[in-house]
Each structure stands twice: as C-alpha cells, then as structure tokens.
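Below is one structure, written out as structure tokens; the observations come after it.
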Amino acid sequence: MSKGSPADDKKDDDPNIGGEKTSGPTQLVLNLPHRQALGAEDFFVSTSNASAVDLIDTWPDWPHSAAVVVGPQGCGKSHLAHVWQLRSGAHVLSSADLNEANIPQPGARQAVVVEDVDTNLADERALFHILNLARETQFSVLITARRAPGELEISLPDLRSRIRALPVVEISMPDQPLLKAVLIKLFGDRQLPIEPHVVNYLATRMERSMEAASRVVQAVDDLALARQRRITRAVAAEALTSLGMDED
C-alpha cells in the first residue's frame, strides 16, 4: 500500500483544502461477526481464531475432557481463555504456579484453565493429575501454549503422551479484518472519531497482535492530544514511528 505523496498528506491533514469543508469523520462499519464477551469487552471473530471460538462454543459438549489452544504470543489465547472462564466458571491456574496443593478436588470445579504450559511448567505431575481427574470425574480442562503439544519439552512420559493425545486448535496472529475491528473498538472505547483510511493505514503497517493494537491506540491518542489535532494519517504515522512499527 502506497504511503501517498506529501501533497496527499497535507490534504489529509487539512479538511478545508480546496474551499470545501468536510462533514467530519465518516462512520466505519465492518461486516465482521462479533459477540459480547459475557461481561467483558467485545470479542471479535475472524478466520484467525474461528476454530478456537468453535471449541469454546461447543462446551460443555466436548468429545474429550481436555483440549489445547495453541498460538503465538499476542494472538488472543488469554482473551479466549478468559471468555471460557466466564462462561464455564473455570478455575484459572498459571503453569508457573501449578503444584499438588492447587489441584482441584473432585466435584469442586467443573472446569479448569491451565495457561502457558510451554513456559515455566512448575509441576508436571500436578498437570498429569489434573488431566486424570478430568477424565475420571467429567470436568473440563482448557490448556494454552505457544507451541504444539508435540513440540513441548516434557520430562514425565505419561504426561507427554497424554498431552499429545489431546485435541488441538490453533489461533494465528490477527488478520487485517480482525485488527481493524479491534482498532475501531479501542478508539470507540475512548470516544475518539476515526476515519476509515486511518484505520486501514494502521492495520497494514502495525505489528499484528492484540497487545500491539492497544499500544497503537494509546500512542495515537496521546499524540493527537499533545498536538491538539484530530486523528489523521500523519498523526497515525508518527505514532507508529514512535513505537517502531512504521513498516510499509
């Protein structure tokens, strides 16, 4: 996508060039499915997370007692796990804090989330016991990781084989329709009017992650406020540069 000429940027920044006044930012509407995330922020669905969303939607009618959601950092795994937690009443455990003492008792919980099993898994035996309990007592376990089960470094043979046998769904990095929808929502949360071409400009140049979208909107908001200007493509470009995201 071309950045345009300096004249284009000047015209973008001055709504009165040519003797015509603009009527203000136009409303941008994307035909993208979304749902209210059960008391949390809007959760948007796109091709990048559709399979994982289907997994959440089919609970509690899972064919297996546990499942693994895999995806790179910033793809939205924790957000989706939070949506499932709110829906299922799940107890959330960090893999770094996992131990025998916080293994749920049979009948105490019908769902458990274990996050980031690929980083700092504190107690492999505890996770193995959780999976066994889930299979024996019919509660559900949702595991998140950045790497597929076959790539995880697990010493306990029983746990290694058990995790590798679980169904896996993947979340890829946000695609452009999802990034645009998230940007529009984040700007809307701040009651900031945003032009469609500015959203398109940001989405095609920014880092593709949910966390990056939050940082971009914060930077654009701060810069527009500091400059006492409306949000234009030039402001967006400067914000991206300040974050090291000024890619073509």
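Each residue takes its place number in the sequence, starting with 1. Keep in mind that this is a model prediction, so the values were computed, not measured.
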- For N132 and R162, work out which heavy atoms get closest and say how close. OD1-NH1, 2.5 Å

- Find the distance between CZ (R164) and CD (E151) and round it off to the nearest 0.5 Å. 10.0 Å

- Ignoring hydrogens and angles, tell me if any N or O in the side chain of W62 forms a donor-acceptor pair with the backbone of L55 under 3.5 Å. yes

- Short question: side chain of D118, backbone of A145 - any donor-acceptor pair under 3.5 Å? no

- Here the gap from L80 atom CG to I171 atom CD1, rounded to the nearest 0.5 Å, amounts to 5.0 Å

- Query: Should R160 and P157 count as side-chain neighbours, where that means a heavy-atom distance under 4.5 Å?
  - Reply: yes

- Message: Between L131 and L159, is the side chain to side chain contact (heavy atoms under 4.5 Å, CB included) condition met? List the steps.
- Response: CA-CA 9 Å; L131 293 175; L159 176 60; 3.9 Å; yes

- Query: Is E100 atom CD crowded by more than 12 heavy atoms from other residues, nucleotides or ligands, each under 6.0 Å away?
  - Reply: yes

- Would you mind telling me which of V68, L127, I154 makes a side-chain contact (heavy atoms from CB on, under 4.5 Å) with V117? L127

- Message: Tell me whether N99 contacts the main-chain N or O of N102 through its side chain, where contact means a donor paired with an acceptor under 3.5 Å.
- Response: yes

- Task: Could you tell me whether the side chain of S95 and the main chain of T119 form a donor-acceptor pair under 3.5 Å?
- Result: yes

- Item | Under 3.5 Å donor-acceptor, T58 side chain and D61 backbone | no

- Query: Counting only heavy atoms not in R125, do more than 12 fall under 6.0 Å of its CZ?
  - Reply: no

- Item | Heavy-atom check, side chain of L98 versus side chain of I130, under 4.5 Å | yes

- Verdict with reasoning, W84 to V69, per side chain to side chain contact (heavy atoms under 4.5 Å, CB included): CA-CA 12 Å; W84 187 65; V69 175; over 6 Å; no

- Side-chain heavy atoms of L152 within contact of I163, under 4.5 Å: yes

- Check P193 against I231 and note the closest heavy-atom contact, atom names and distance. O-CD1, 4.1 Å

- Of the non-hydrogen atoms in V220 and V235, which two are nearest, and what is the gap between them? O-CG1, 4.2 Å

- Locate the shortest heavy-atom distance separating K180 from A203; write the atom from each residue and the value. CG-CB, 3.6 Å

- Task: Locate the shortest heavy-atom distance separating L178 from S48; write the atom from each residue and the value.
- Result: CD2-OG, 3.4 Å

Only distances under 3.5 Å count here; give the side-chain donor-acceptor pairs of residues 238-245 to other protein atoms, sequence neighbours excluded, each with its distance to 0.1 Å.
| unit_1 | atom_1 | unit_2 | atom_2 | d |
| --- | --- | --- | --- | --- |
| E238 | OE2 | R227 | NH2 | 2.3 |
| T241 | OG1 | A237 | O | 3.0 |
| S242 | OG | A239 | O | 2.6 |

- Rounded distance [0.5 Å steps], CZ in R230 versus CD in E195: 6.0 Å

- Nearest-0.5 Å distance that lies between atom NE2 in H79 and atom CD in E211: 14.5 Å

- Query: Just by distance, do the side chain of Q191 and the backbone of G188 share a donor-acceptor pair under 3.5 Å?
  - Reply: no

- Item | Side-chain heavy atoms of T144 within contact of V114, under 4.5 Å | no

- Query: Would you find a donor on one side and an acceptor on the other, under 3.5 Å apart, between the side chain of S65 and the backbone of S140?
  - Reply: no

- N/O donor-acceptor pair under 3.5 Å between K77 side chain and V70 backbone: no

- Query: If you round to the nearest 0.5 Å, how far is CG of D189 from CD1 of I184?
  - Reply: 12.0 Å

- Note on the structure: dist R205:CZ -> N200:CG (nearest 0.5 Å) comes out at 10.0 Å

- Report, as yes or no, whether the 6.0 Å neighbourhood of atom CZ on R135 holds more than 12 heavy atoms from other residues, nucleotides or ligands. no

- C75 versus M173, closest heavy-atom pair with distance: CB-SD, 4.0 Å

- Do other residues, nucleotides or ligands put more than 12 heavy atoms under 6.0 Å from E207 CD? yes

- Would you find a donor on one side and an acceptor on the other, under 3.5 Å apart, between the side chain of D221 and the backbone of Q218? no

- Any donor and acceptor pair, going by atom type alone, linking the side chain of R87 with main-chain N or O of W59 inside 3.5 Å? yes

- Answer whether the closest heavy-atom distance between the side chains of P149 and L166 falls below 4.5 Å. no

- Query: Does the side chain to side chain contact (heavy atoms under 4.5 Å, CB included) test come out yes or no for L142 and I56, once each step is laid out?
  - Reply: CA-CA 9 Å; L142 182 67; I56 302 305; 4.2 Å; yes

- Flag side-chain contact, heavy atom, 4.5 Å: Q73 against S209: no

- Message: Quick one, L186 with S214, criterion side chain to side chain contact (heavy atoms under 4.5 Å, CB included). Give me CA distance, side-chain angles, the key distance, then yes/no.
- Response: CA-CA 7 Å; L186 292 174; S214 295; 4.0 Å; yes

